[in-house]
Protein chains: 2
Amino acid sequence: MSEKEEKEFLAARDDVVKKVLEAQPDDEILYDLAELFKVFGDSTRIKILYSMFETELCVNDIARLLNLSQSSVSHQLRILKSSKLVKFRREGKSIFYSLDDEHVRAIISMGMEHVEE
Amino acid sequence: MSEKEEKEFLAARDDVVKKVLEAQPDDEILYDLAELFKVFGDSTRIKILYSMFETELCVNDIARLLNLSQSSVSHQLRILKSSKLVKFRREGKSIFYSLDDEHVRAIISMGMEHVEE
DNA sequence: TTAACATATGATTATTTGTTCATATGTATC
DNA sequence: GATACATATGAACAAATAATCATATGTTAA
C-alpha cells in the first residue's frame, strides 16, 4: 500500500466507525439487552424456562422435575420474574408459574435453531 | 380440599411432571443453549455484536468505536468466534469480523423487542 | 390459633468470568 | 532480515453469581 492509499484507508475506516457509532443504540439499552440474555445464560434457568414451554408449573413441580432444591428454584424464579420472563398466579398454597409472553418462546426457539446446527 | 381431592391433585401434578419430563430436550442440548445465551449476556460482547449489525469491522475499529483495549476486544472476539456468532477474513495486516448468520441478528432483534417494551 | 405445607429470602461460600499487563504471532514494507 | 503495525494469547486479579443452609412469610384446614 502506498502512503496515499494508507491515508485513504485510515480515513475510510474513520468514516465507518463514525457511522456505526451514530447507528448504535444507547449504552443503557445495550446494557439491558445483555442483562436479559444473561438471564437465559444459565442452564438451571433455561431448564426451568423450557419446562414451562407447554404448561404452567408450581415451584414444587419444577423442583421435582429437575431434581433441584426448592430454595434454588425459588431463587431462580425470582430472577425470571424480575426480568418479566415468567408470570404467576396463586392457587391455594401453590403458586403456578408460566412463560410471560411469546417473546420468551421466540428467543428460546431462535437459540435452539443455532444450537441444533 | 378434601382428602380425596388432595390425592387427585397430587396424582394430576405427577402426571404433568411426567409429561413435561418426556418432552424436555436432553440436558446436553439445554446446556449448550444456556452457553449460547451466556455469550450474548455480557454488555461488551453485545456492543461488539451490535456494532457489526450493518457492516464488517476490524479489531482496531471496534476498540476505537467502543473505547476498549485491543486485548479486551480480541479476547471477546475469540469467544464470539468459538460460538460461531462471528466470522472473519484477513485483509493485509487487519482482520475483519462480521456476524456469522441471520440467527445472530434474529436473536438480538428478539431480545431488543423484549427490552424496549 | 396451631399444625402442616408451599414458597420466599438473607447470608455465606465456591466458582466463573472479564479486564489488564506483558508478550507472542503474523503480515507488509523497507 | 529488520522494523513497524495489527492481532492473539497466557497469567493474575477482582468482581459477579449460583447453590446451600437456615429461617421467614403466607395459606389452609382442623
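The basis for the numbers below is simple: all heavy atoms, side chains too, and nothing from hydrogens, waters or symmetry mates. Letters A, B, ... mirror the listed sequences (proteins, then strands); counts begin at 1.
A salt bridge links A:Arg64 with B:Asp14: at least one charged nitrogen is closer than 4.0 Å to a carboxylate oxygen.
OP1 or OP2 of D:dT27 sits under 4.0 Å from a side-chain N or O of A:Arg90. An OP1 or OP2 oxygen of D:dT20 is reached within less than 4.0 angstrom by a side-chain nitrogen or oxygen of A:Ser69. A close approach under 4.0 Å does occur between a side-chain nitrogen or oxygen of B:Tyr97 and OP1 or OP2 of D:dA8.
At whole-Å resolution of the value, CZ in A:Arg78 and P in D:dA18 are 11 Å apart. We find that CD1 of A:Ile95 is positioned 13 Å from C1' of C:dC5, with the value rounded to whole Å. Taking atom CD on B:Glu6 and atom P on D:dT27, their separation rounds to 17 Å, with Å as the unit. If you take CG of A:Asn60 and P of D:dT27, they are 18 Å apart, rounded to a whole angstrom. Between A:Lys38 atom NZ and D:dA16 atom C1' the separation is 7 Å, expressed in whole Å. Rounded to whole Å, the distance from CD on A:Gln76 to P on D:dT17 is 12 Å. Between the NZ atom of A:Lys93 and the P atom of C:dA4 there is a distance of 11 Å, given to the nearest Å. Separating the CG atom of B:Leu80 from the C1' atom of D:dT9 is a distance of 16 Å, rounded to the nearest angstrom.
Note on A:Ser74: a base of the nucleic acid sits closer than 4.0 angstrom, heavy atoms only.
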Produce the list of close N/O pairs, under 3.5 Å, pairing protein atoms with atoms of nucleotides 21-24 of chain D; give distances to one decimal.
| from | atom 1 | to | atom 2 | distance (Å) |
| --- | --- | --- | --- | --- |
| D:dC21 | N4 | A:Ser71 | OG | 2.7 |

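In terms of the salt bridge (Lys or Arg N to Asp or Glu O under 4.0 Å) criterion, residue partners of A:Arg105 (sequence neighbours excluded) are, by chain and number, A:Glu102. When the salt bridge (Lys or Arg N to Asp or Glu O under 4.0 Å) test is applied to B:Glu8, no partner is found at least two apart in sequence or on another chain. In terms of the ring-ring contact (aromatic ring centres under 6.0 Å, His included) criterion, A:Phe96 has no residue partners (sequence neighbours excluded). The salt bridge (Lys or Arg N to Asp or Glu O under 4.0 Å) search around B:Arg13 returns A:Asp61, not counting sequence neighbours.
For B:Val73 and A:Asp42, each mapped to the nucleotide of DNA chain D holding its nearest heavy atom, the one lying further toward the 5' end belongs to B:Val73. With the nearest nucleotide of DNA chain D identified for both B:Phe96 and A:Glu35, B:Phe96 has the one nearer the 5' end.
In this pair, A:Phe53 and A:Tyr50 present their aromatic rings parallel. The plane angle is below 30°, not in the 30 to 60° band.
Sorted by first and then second residue, the salt bridge (charged side-chain N to carboxylate O under 4.0 Å, His left out) pairs involving residues 67-76 of chain A (not counting sequence neighbours) form an empty list.
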